Amino acid sequence: MVGKVQNQYQQWDTLRRIAETLNQSEDVRPLLQMVLKELLQVTGLSTGWIFLVEDEPEYTTVAMHHLPPALTTDQARPMCQGRCWCLDRVWDGRLHKAVNIMGCQRLDDAVKYQWGDTWGITHHATVPLMAGGEVIGLLNVASPGKENFTNEELALLQGVAYQIGTAVKKTWLVEAQQRRAERFSQLDEVSRAIWSFRSEDDLLEQVVHLVATSFNWPLIALWTGQGKQLKLHTFSLDRKVTQPENQSPTESLGAVGKSFLQQEAILSTDELQGISSLWPDCSVVAAAPLSMRGESFGVIVIGSDHPRNLDISDLDVLKALGEHLSLAIESGRLEEERERLLISEERNRLARDLHDSVNQKLFSLSLNARTAKGVAPKENEMLHEALEDMEMLSREALKEMRSLIWQLRPAGLENGVVSALHRYGTRLGLTLEIVVEGVVSLSRNVEETLWRIGQEALNNVSRHADTDQVYLYLSVRDEKICLQIKDNGRGCVNPIGEPKRGLGIIGMKERAQLINGSFRFDSETGLGTIVEVSLPYTEGKEEDDEISTCG
């Protein structure tokens with residue numbers, strides 16, 4: 001009875017000493033090394049090692065003490081590479097408690113391949129390190145000539161292993177909390193930098209570089225949405241940033257596409273399509289959507305080559321980063337819209353002023369010239385010619401002024417851009433043949449661009465083509481809206497027969513390019529002129545609740 005009590009006391013004392021050792025450090029490797037040394041000392045065993053186990057076939061040797069030369073050869077390569085029977089029992093779910101291993105594959109291989117002296121060690125005890133019902137590692141202990149461990153010894157080892165597993169889990173949780181705090185501190189700096197950008201293009205080009213230099217995530221990528229396609233806008237691997245701009249169907253991009261379509265942040269180890277082609281070593285990704293007014297327009301993604309290097313705290317940070325980025329882009333677009341509205345209001349004010357002042361004075365001048373011509377002596381031909389020139393010039397100036405007022409404040413856009421162009425062409429004295437194929441909702445930006453380009457083209461016909469017949473064709477295809485204005489007049493060419501490139505033509509081209517459109521101008525002497533513009537009709541659509549329909 002006394003011996004049993006002494007044995008229990010020794011076990012309790014061993015557990016107490018191990019617990020004290022576990023409280024001395026929060027760094028896993030030094031912690032486990034100290035615990036292993038203390039355990040072997042109090043139990044009288046000579047040799048031990050500890051594995052931390054991951055998904056098959058990954059494991060890490062984190063502690064070793066007093067190993068025989070056969071296992072320490074070549075910088076302990078036999079302990080750090082290859083499978084063994086105890087690890088196989090973990091991966092196939094057979095190891096739940098401390099057991100005797102009736103042999104050791106690593107020691108058998110050492111004898112077989114003559115790696116060195118094994119000190120006569122042939123067997124060891126294997127104890128799973130448990131935390132929350134999960135096996136996170138293995139504790140192996142042995143001594144020369146010892147082939148069996150008693151139930152009391154295994155029970156003691158099981159108690160020690162439980163303490164070790166709990167301590168390791170606690171250390172991981174502390175590390176995760178520290179990493180989370182560091183991540184959010186870095187996020188605060190990155191978010192301030194994001195809000196400092198004034199241009200959406202600059203922000204999208206620089207955000208991946210900004211994140212890469214602020215966080216230690218190996219992989220960072222930014223996709224932007226284009227219909228059912230996602231375009232890889234910017235990509236960083238080990239802080240080397242590139243802009244490949246390749247496109248893929250959204251459904252083919254695994255977690256990336258799912259995050260875009262479902263508008264939710266995702267952490268995944270098995271849906272790596274789209275990422276694995278960029279980085280074959282990637283084993284885990286986190287993706288967060290970029291959205292505006294309930295619609296996704298992109299995805300920001302991070303990845304690592306080890307599942308433990310990305311966890312839920314990284315996903316939370318990435319989600320917050322995506323929200324900051326989305327809000328910054330939406331704010332920028334709203335600011336651009338505000339500026340456009342201010343310009344529109346200023347144009348309207350200027351149009352009203354011109355109509356109320358200069359336009360009325362020109363009209364009065366024209367009437368006065370006509371009246372004066374009627375009462376002037378008929379024999380004074382010079383006076384008659386001067387008054388006739390004055391009347392003609394005032395009428396032309398009045399026509400130009402009305403055209404300018406129309407340009408500043410287009411009326412009729414509420415009925416569609418085609419209706420407005422038809423009305424404008426009629427005011428210029430032109431006859432328009434109009435063909436429209438397809439109907440689509442246009443944002444204010446796209447509609448105004450079409451209006452301004454069409455307006456300039458019709459002005460050119462009125463002034464230079466020497467014809468009043470105009471062909472206007474508007475079509476919708478391949479997510480683009482195309483406007484073509486054609487005449488069969490005398491052409492608009494320079495002395496060497498090439499199409500003129502005046503300020504009006506340059507202005508039309510620049511307007512199209514500002515919203516990622518294309519522009520074509522072609523003219524030949526005696527064969528007329530073609531102005532053609534193609535615009536992505538989805539451009540800026542999310543900016544405005546106020547949209548109209550072309551046609």
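Heads up: numbering here begins at 1 and tracks the sequence. Treat the numbers as computed from the prediction; the structure is a model and nothing was measured.
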Who are the salt bridge (Lys or Arg N to Asp or Glu O under 4.0 Å) partners of [X], not counting sequence neighbours?
X	value
R183	D314
D281	none
D468	none

Side-chain ([X]) to main-chain ([Y]) donor-acceptor, under 3.5 angstrom:
X	Y	answer
R239	A212	yes
Q186	S214	yes
S331	A328	no
T426	H422	yes
T269	S283	no
S259	A255	no

- Message: Under the rule for side-chain contact (heavy atoms from CB on, under 4.5 Å), what residues qualify as partners of A181, not counting sequence neighbours?
- Response: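 Checked A181 against side-chain contact (heavy atoms from CB on, under 4.5 Å); zero matches.
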
- Message: Restricting to side-chain contact (heavy atoms from CB on, under 4.5 Å), what partner residues turn up for Q273, sequence neighbours left out?
- Response: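 side-chain contact (heavy atoms from CB on, under 4.5 Å) check on Q273 returns E271.
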
Between [X] and [Y], what is the shortest heavy-atom contact and its length?
X	Y	result
V207	L222	CG1-CD2, 4.0 Å
L315	A287	CD1-O, 4.1 Å
E205	Q243	CG-NE2, 3.6 Å
F235	L232	CB-CD2, 4.3 Å

- Task: Just jot down the side-chain hydrogen bond (donor to acceptor under 3.5 Å, both in side chains) partners of H209, sequence neighbours excluded, or say none.
- Result: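 Result, side-chain hydrogen bond (donor to acceptor under 3.5 Å, both in side chains) vs H209: none returned.
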
- Applying the side chain to side chain contact (heavy atoms under 4.5 Å, CB included) test to V284, which of I302, L219, D305, L310 qualifies?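 So, applying the side chain to side chain contact (heavy atoms under 4.5 Å, CB included) to V284 and each of I302, L219, D305, L310, only L310 qualifies.
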
- Query: Would you say the side chain of N246 lies within less than 4.5 Å of the side chain of K231, judging by non-hydrogen atoms?
  - Reply: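 With C-beta onward as the side chain, the pair stays apart.
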
- Query: Hey, are the side chains of S296 and F260 touching, using non-hydrogen atoms and a 4.5 Å cut-off?
  - Reply: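 In contact.
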
Report the distance from atom [atom1] of [X] to atom [atom2] of [Y], rounding to the nearest 0.5 Å.
X	Y	atom1	atom2	result
L204	H233	CG	NE2	5.0 Å
L535	L450	CG	CG	5.0 Å
D316	D311	CG	CG	8.5 Å
L210	F215	CG	CZ	8.5 Å

Regarding [X] and [Y], is there a side-chain donor-to-acceptor distance under 3.5 Å anywhere?
X	Y	answer
Y471	N488	no
Y473	E437	yes
S268	D270	yes

